[in-house]
Amino acid sequence: MAPVNLPWDLEEKILSGLPPLYLVRFRAVSQHWNALLNHKRFINNHLARVRPQIIFLTESKVYSIDIDLGGGGDVDPTIEMREIPSNFPYQATDLTHTTITTCDGFLFRDFWKQGVAIWNPWLRQVGWIEYVDKDFHFCGVGYDSSIPEKRYKIMGYFNCLRTVSNTYQVGYKKVAIYECASHALKLLDVPFKQWPNTAPMSLNGNLYWVTSNLDDTHYHEYLIRSFDFSSEMFETFCVLPCRKNHSRDEFVLAVYKRDRFSLLKQCYVTGEIEIWVTKNKIDGEKVEVEWLSFMTLPTSNLPKLINKLCGVSYIIFDKTLIMCCGDEETGAACIYIVREDMYKKIQIGLGTIRFSHCVYLPNFISVPSEFRQLRV
């Protein structure tokens, strides 16, 4: 029987629903499929369907963690952990100062005082950025969204000293922007006092993070602040939909459905978790942000999230909270899967207590040619 060629759009529909691991293998099947998997429309369709995973770093290895919720009922959720090839030009000297973050489908990994890797692990493509001035501290990645071409920039800072008197100096941070295409480092003369305590989140070209409102000391109001790479200015983006009832309550900001915010609040006293999401997509426009109360998890089984040494990352999927952080007692890396009728804790089998992690959408977007290419 002669082989039957499926219509192009049907092939695309079938392939875009498959897990990334299979699609990586299918690229070698034929030139036709390789061209299809590289097509912008296919990449966007696949991104709309793919489930987020967690990228997990130890001192020497990198892993992807897929979560299978089991379809409900009596089937327990499971995780599948795969090592990802990662032959970077440098090794992390201190995971306490190692940051991994995402920006528009790419992973950016900061190597303390060495450089930054831009990385698509599924395509095994890595670009390398090396600063001339090693005292530049990486903070986050974005781009100027006012122009059609994405030119990535890194926002960071230098630690400086200001002389107040003959015997007294005070420290401050001098904000700087590194332009990846031109390799130019530009100092910004912008006033800023509240530096992010954790790595800011990148969405549609801008950086966002949660911080307290210095003008509201009585009501414990908290805000989302942003850095706009178009104007190169810090701004107050919106007020959070809830306040702290205790000074050790914790807020964690994340991306929801690729273009919205989700906000996790944990009550320090009861351990109760509140999840809020924004109603509309976040595109950087200065409009009123409407928040929706998404779910409440009245559980005290989760660890306290305040001051987690290795941070907290989480995914909201189908009324289920999937969270990565350290164990309450040992600090060992764990995955927590929680919904109203279920709680499960899965310790990552490495037993490591020094790690870095982030949520990532697997994709087939090629690393831009402006970065020095490496092979992994």
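- Between the side chain of Thr330 and the main chain of Ala332, a donor-acceptor pair closer than 3.5 Å is present.
- Rounded to the nearest 0.5 angstrom, Met155 CE and Cys139 SG are separated by 4.0 Å.
- In this structure, Arg51 satisfies the cation-pi test against Phe317, with its NZ or CZ atom closer than 6.0 Å to the six-membered ring centre and inside 45 degrees of the ring normal.
- Remark: His246 pairs with Arg248, Asp249, Tyr268, Val269 by the side chain to side chain contact (heavy atoms under 4.5 Å, CB included) rule, at least two apart or across chains.
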Decide side chain to side chain contact (heavy atoms under 4.5 Å, CB included) for Asp228 and Met233; before the verdict, give the C-alpha distance in whole Å, the side-chain angles of both, and the deciding distance to 0.1 Å.
CA-CA 6 Å; Asp228 188 324; Met233 293 293 295; 5.5 Å; no

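- Here the side chains of Leu57 and Arg109 are in contact, with some heavy-atom distance below 4.5 Å.
- Salt bridge absent: Arg151 and Asp144 never bring a charged side-chain N and a carboxylate O closer than 4.0 Å.
- The salt bridge (Lys or Arg N to Asp or Glu O under 4.0 Å) check on Asp133 picks up nothing, with sequence neighbours excluded.
- Aromatic ring centroids of Trp128 and Phe111 lie under 6.0 Å apart.
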Using the rule given for salt bridge (Lys or Arg N to Asp or Glu O under 4.0 Å), can you reason through Glu221 versus Lys244, listing the C-alpha separation, both sets of side-chain angles and the distance that settles it, and then say yes or no?
CA-CA 7 Å; Glu221 185 177 74; Lys244 283 191 175 184; over 6 Å; no

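- Proximity of a side-chain donor or acceptor of Thr163 to a complementary backbone N or O of Ser165 within less than 3.5 Å is not detected.
- With 3.5 Å as the limit, one finds a donor-acceptor pair spanning the side chains of Arg225 and Thr236.
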Could you go step by step and tell me if Asp104 and Tyr143 meet the side chain to side chain donor-acceptor pair (under 3.5 Å) rule?
CA-CA 10 Å; Asp104 274 24; Tyr143 51 85; 2.7 Å; yes

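- Applying the ring-ring contact (aromatic ring centres under 6.0 Å, His included) test to Tyr131 and every residue at least two apart in sequence or in another chain returns Phe136, Tyr178.
- Rounding to the nearest 0.5 angstrom, the gap separating the OH atom in Tyr63 from the CE atom in Met81 is 6.0 Å.
- Note on residues 320-337: pairs passing salt bridge (charged side-chain N to carboxylate O under 4.0 Å, His left out), not counting sequence neighbours, are Asp327-Lys345.
- Taken to the nearest 0.5 Å, the CG atom of Leu161 stands 5.0 Å off from the CD atom of Gln169.
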Could you pull out all donor-acceptor pairs under 3.5 Å where a side-chain atom in residues 360-368 meets a protein atom, sequence neighbours excluded?
{"from": "Tyr360", "atom 1": "OH", "to": "Gly105", "atom 2": "O", "distance (Å)": "3.2"}
{"from": "Tyr360", "atom 1": "OH", "to": "Asn363", "atom 2": "ND2", "distance (Å)": "3.2"}
{"from": "Asn363", "atom 1": "OD1", "to": "Asn120", "atom 2": "ND2", "distance (Å)": "3.1"}
{"from": "Asn363", "atom 1": "OD1", "to": "Ile365", "atom 2": "N", "distance (Å)": "2.9"}
{"from": "Asn363", "atom 1": "ND2", "to": "Gly105", "atom 2": "O", "distance (Å)": "2.7"}
{"from": "Asn363", "atom 1": "ND2", "to": "Leu361", "atom 2": "O", "distance (Å)": "3.0"}

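- Counting heavy atoms from C-beta on, the side chains of Val175 and Phe158 never come closer than 4.5 Å.
- In terms of hydrophobic clustering, with Ile, Leu, Val, Met, Phe, Trp and Tyr side chains grouped at heavy-atom distances under 4.5 Å, Ile306 and Trp209 are assigned to different clusters.
- Looking at Leu264 and Phe251, their side chains never come closer than 4.5 Å, going by heavy atoms from C-beta outward.
- The heavy-atom pair separating Ser202 from Gly142 by the smallest distance is OG-CA, 4.4 Å.
- No side-chain heavy atom of Asp110 sits under 4.5 Å from any side-chain heavy atom of Phe108.
- For the atom pair CG of Leu187 and OH of Tyr157, the computed distance is 14.5 Å after rounding to the nearest 0.5 Å.
- Under the ring-ring contact (aromatic ring centres under 6.0 Å, His included) criterion, Phe229 pairs with Phe227, sequence neighbours left out.
- The shortest distance between side-chain heavy atoms of Leu107 and Cys358 falls below 4.5 Å.
- Arg339 has a carboxylate O that lies under 4.0 Å from a charged side-chain N of Asp341, or vice versa, which qualifies the two as a salt bridge.
- Scanning both residues, Pro52 and Val359, for their nearest heavy atoms gives CB-CG1, 3.8 Å.
- Atom CD1 of Ile275 sits about 7.5 Å away from atom CG of Leu263, to the nearest 0.5 Å.
- Counting only distance, with no hydrogens or angles, the side chain of Gln266 and the backbone of Leu305 share a donor-acceptor pair below 3.5 Å.
- Listed for the Lys265 side chain is a donor-acceptor partner under 3.5 Å among the backbone atoms of Arg243.
- Using a distance-only test at 3.5 Å, with no hydrogens or angles considered, no donor-acceptor pair links the side chain of Thr278 to the main chain of Trp291.
- No hydrogens or angles considered: a donor-acceptor pair under 3.5 Å links the side chains of Ser262 and Tyr314.
- Side-chain contact between Cys325 and Met323 is present, with at least one heavy-atom pair separated by less than 4.5 Å.
- Using cut-offs of 30° and 60° for the angle between ring planes, the Tyr152 and Phe106 rings count as perpendicular.
- Separation of atoms SG (Cys310) and CZ (Phe355) is listed at 4.0 Å; rounding is to 0.5 Å.
- With no hydrogens or angles considered, no side-chain donor-acceptor pair links Glu274 and Thr296 at under 3.5 Å.
- The neighbour count for Lys281 NZ, taken as heavy atoms of other residues, nucleotides or ligands under 6.0 Å away, does not exceed 12.
- Tyr336 and Asn301 are not linked by any side-chain donor-acceptor pair at a separation below 3.5 angstrom, with hydrogens and angles left out of the test.
- Considering only heavy atoms from C-beta on, Lys344 comes within 4.5 Å of Asp76 through its side chain.
- When the options Ile322, Thr320, Leu302 are evaluated for a side chain to side chain contact (heavy atoms under 4.5 Å, CB included) with Val338, the one that passes is Leu302.
- Contact check for Pro121 versus Gln125: no side-chain heavy atoms found under the 4.5 Å cut-off.
- Between Glu250 and Lys308, none of the side-chain N atoms (NZ, or NE/NH1/NH2) sits under 4.0 Å from a carboxylate O, so this pair counts as no salt bridge.
- Dense packing is recorded around NZ of Lys319, with more than 12 heavy atoms of other residues, nucleotides or ligands lying under 6.0 Å away.
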